[in-house]
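Notes to accompany the following structure.
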Amino acid sequence: MSSSREYKALKGMQDVLPPNSYLWKKTEETAEEIFTAYGYRPIRPPIAETTDLFTRSIGENTDIVEKEMYTFNDKAGRSVTLRPEGTASVVRSYVEHHLYTLPSPQKYYYSGPMFRYERPQSGRLRQFYQIGAEVFGAAYPWMDAEMLSMLRHFLERLHLSDLSIEVNSIGCKQCRPAYKTALLDFFSDKRVQLCVDCKRRYTVNPLRILDCKVAGCTAVRKEAPRVTDHHCCDCESHFERFQATLRNFGITYNVNPEMVRGLDYYTRTIFEITSKDLGAQNAVVAGGRYDDLVKEFGGPDTPAIGFAAGMERIVELLNRSGASALPSPDAFISLLGEQACRKGILIADDLRTKGFWVELGDPEASLKSQMRRADKVSARYVFVIGDKEIDSGNVQWKKLSDASQGLISLSGIYDFLADKAG
RNA sequence: GUGGGUGUAGCUCAGUUGGUUAGAGCAUCUGACUGUGGCUCAGAGGGCCGCGGGUUCGAAUCCCGUCACUCACCCCA
């Protein structure tokens, strides 16, 4: 006890244990299945990159870069960072390996741990897992809609409902600067009325004033100019056609002109899928377009769009909906006596190579306690192998759910199980 | 980084105005005529009452500090 207290997982990092780990597995398998049908292929970038990669893509004065990165120097003195998100690595990989020479669009998905040094709270960890996907080389707005359709199918397949889809378009490098100045103009004489954080945002990132939750700020920005009114022609038409495609898919969504992004690389379409059942950290999926990033990383001018889904948050919703996926052994073999033990172990081994989950009893324990154990682990069938059975060549089977039992030949256990399983 | 809440058995929690060997339920293990689970019954193991200090004849209980966990802000998946 006192010795096991010496070591604990680090703050904000957790062990995923059964039965929860089965929900993780189910979530990952479902994503893989759905994404594959949409043409996404797996990609596995490393979890650490040179620090510069993140500061440049995510943005120098975002919170992630300013205070949340796991950054350290390696033995050669290079600054290395544990990835706080997946997109930067995938884009780097896309450029580094000249994946743009493959037919467009290229679609990739990944899943794995991300790291942000934050104060943990419900739905927020320092090591957390995301399933994400990126599409390169598709500028057309129906790709944005297709991505949401895919996400809808993914979440539906997991039987998650009660989620809402919010979309917005934050313009491009043509129209955003003008909008930014319009915002600054609007707030310039109202700065005193804003909260402390928003006063800071005014100089650092004025767009962020739009999603401040402080009541005073919500009131002040009522008449603030809207991004959607400042789109250039291309952005306006992109956003229009994106929405038309969403409607064509029969997807219900909300346009939320106040939604912004914490990462600097986004352009045009951004979206979020949120749940009311998750507390303050309510985003299950978030993503958007980043049409300039590939070029900024030294690749050809390539439009791109992607998203990331929070594993822990999805699993939390699955838990709330009562989903469970705890498997149990196909068979439990109770052993009584020396001879039976030698034979039983071989039988179990053979069944296991044929794909059955088989548990063995402790031959030194009483049959009673072996049966008790079989029940505890919810084995479907128990086979009792004792010296009596070895002599007669027959074993007794028992089905625990209804206590039915009977005799079969020692060599017929596989056929018996295969028959019951089919 | 800033606030609030909570720390008693593996888990969920009782613990009365400070007063003897700190309890329950669940879980674990064993047994109830010798080769049969679940239900029932009997029993067992398992607690520096988060840690350190203080007040007191006496602290799980009161005070201070500290650490951990947790929720929220910030921010975000």
Side-chain angles (χ1 to χ4, degrees), chain A residues 1-2 4-5 8-12 14 58-59 61-69 83-87 111-132 151 195-198 200-201 204-205 208 211-214 259-263 271-275 278-288 306-317 332 334-337 340 361-363 365-389 395-405:
Chain A
M1 175 70 184
S2 57
S4 69
R5 232 178 222 178
K8 294 172 60 184
L10 293 177
K11 185 196 276 284
Q14 60 174 207
I58 297 169
N61 46 29
T62 57
D63 274 32
I64 293 179
V65 168
E66 275 180 356
K67 51 183 198 190
E68 296 172 2
M69 296 211 300
R83 62 181 182 194
E85 59 106 32
T87 300
S111 112
M114 307 295 161
F115 302 83
R116 288 182 204 171
Y117 195 88
E118 301 180 83
R119 195 82 169 259
Q121 75 184 70
S122 178
R124 193 176 75 184
L125 293 160
R126 289 182 173 179
Q127 177 176 338
F128 59 101
Y129 287 72
Q130 289 185 333
I131 298 178
L151 281 165
C195 71
V196 204
D197 289 316
C198 281
R200 198 191 77 237
R201 289 178 182 124
V204 177
N205 189 352
R208 290 230 136 262
D211 69 346
C212 180
K213 293 175 200 103
V214 176
M259 181 169 67
V260 293
R261 277 284 87 123
L263 290 70
F271 56 85
E272 240 170 61
I273 301 178
T274 59
S275 163
L278 281 178
Q281 312 299 316
N282 63 356
V284 179
V285 183
F307 67 82
M311 270 296 291
E312 290 84 354
R313 294 180 187 179
I314 289 175
V315 170
E316 173 59 21
L317 289 175
F332 186 100
S334 299
L335 303 168
L336 296 165
D362 172 1
S366 66
L367 211 222
K368 186 190 200 65
S369 85
Q370 292 189 55
M371 289 299 290
R372 200 152 25 201
R373 196 172 142 59
D375 184 58
K376 289 277 162 54
V377 301
S378 316
R380 268 189 285 287
Y381 290 93
V382 175
F383 297 92
V384 180
I385 303 183
D387 292 343
K388 214 159 67 180
E389 281 75 11
V395 286
Q396 192 178 57
W397 61 265
K398 180 168 187 174
K399 186 178 185 183
L400 289 183
S401 57
D402 62 6
S404 59
Q405 47 188 326

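Keep in mind that what you see is a predicted model, and the values were worked out from it rather than measured. Within every chain, numbering begins at 1; the chains are lettered A, B, ... in the order of the sequence lines, protein sequences first and strands thereafter.
Straight-line distance from the CG atom of D402(A) to the C1' atom of G37(B): 13 Å, rounded to whole Å. Atom CG in L10(A) sits about 13 Å away from atom C1' in A68(B), given to the nearest Å.
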Taking N or O atoms only and anything under 3.5 Å, show me the protein contacts with nucleotides 29-35 of chain B, one pair per line.
residue	atom	partner	partner atom	Å
G35(B)	O6	K388(A)	N	3.4
G35(B)	N1	E389(A)	OE1	3.1
G35(B)	N1	E389(A)	OE2	3.2
G35(B)	N2	E389(A)	OE2	2.8

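Annotation: C13(B) and C75(B) have their P atoms spaced 33 Å apart (nearest Å). Taking atom C1' in both U56(B) and C64(B), the straight-line distance is 16 Å, to the nearest Å. The separation of G37(B) from U20(B), taken at their P atoms, amounts to 44 Å, rounded to a whole angstrom. Remark: the separation of the P atoms in G7(B) and U61(B) is 12 Å, to the nearest Å. Spacing between C74(B) and U66(B) at atom C1', rounded to whole Å, works out to 26 Å. A60(B) and G50(B) have their P atoms separated by 10 Å, given to the nearest Å. Atom P of U17(B) sits at a distance of 43 Å from the matching atom of U30(B), rounded to the whole Å. Across C11(B) and C51(B), the matching P atoms stand 15 Å from one another, rounded to whole Å.
Between R261(A) and E272(A) there is a salt bridge, since a side-chain N of the basic residue sits under 4.0 Å from a carboxylate O of the acidic one.
Remark: F128(A) pairs with no residue by the ring pair (Phe, Tyr, Trp, His ring centres under 6.0 Å) rule, at least two apart or across chains.
Of all heavy-atom pairs between I131(A) and M311(A), the closest is CD1-SD, 3.5 Å. Taking both residues in full, the closest heavy atoms of S334(A) and V382(A) are given as OG-CG1, 3.7 Å, listed atom of the first, atom of the second, then distance.
Looking at heavy-atom distances under 4.0 Å, S401(A) makes contact with a base. Heavy atoms of K11(A) sit under 4.0 angstrom from primed sugar atoms or phosphate atoms, though from no base atom. The residue A379(A) sits apart from the nucleic acid: no heavy atom pair falls under 4.0 Å.
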Could you walk me through whether E118(A) and R124(A) pass the salt bridge (Lys or Arg N to Asp or Glu O under 4.0 Å) test, one step at a time?
CA-CA 8 Å; E118(A) 301 180 83; R124(A) 193 176 75 184; 3.5 Å; yes
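The nucleotide U6(B) finds its pairing partner in A68(B), both defining distances of the Watson-Crick or G-U wobble pair being shorter than 3.5 Å. Base pairing analysis places U16(B) opposite nothing; no Watson-Crick or G-U wobble pair with both distances below 3.5 Å involves it. The partner of G43(B) is C29(B), judged by Watson-Crick or G-U wobble contacts that both fall below 3.5 Å. In this structure, G35(B) forms no base pair with any nucleotide, since neither Watson-Crick nor G-U wobble geometry is met with both distances under 3.5 Å. Base pairing of C75(B): no nucleotide in any strand meets the Watson-Crick or G-U wobble criterion (both distances under 3.5 Å). Summarising the base pairing, A59(B) is matched to no nucleotide, lacking a Watson-Crick or G-U wobble pair whose two defining distances lie under 3.5 Å.
Around the CZ atom of R380(A), the shell of radius 6.0 Å holds more than 12 heavy atoms that belong to other residues, nucleotides or ligands.
In terms of polar N and O atoms assigned as donor or acceptor, the side chain of D375(A) comes within less than 3.5 Å of the base of G37(B) in a complementary pairing.
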Where along nucleotides 71-77 of chain B does protein come under 4.0 Å, by heavy atom, of base (B) or sugar-phosphate alone (S), with - for untouched nucleotides?
SBBBBBB
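Counting only heavy atoms from C-beta outward, the side chains of K399(A) and Q405(A) never approach each other to under 4.5 Å. In this structure the side chain of P84(A) never reaches within 4.5 angstrom of the side chain of E68(A), judged on heavy atoms.
We find the CZ-CH2 distance between F383(A) and W397(A) to be 8.5 Å, quoted to the nearest 0.5 Å.
The aromatic rings of F307(A) and F271(A) are tilted relative to each other, their planes meeting at an angle between 30° and 60°.
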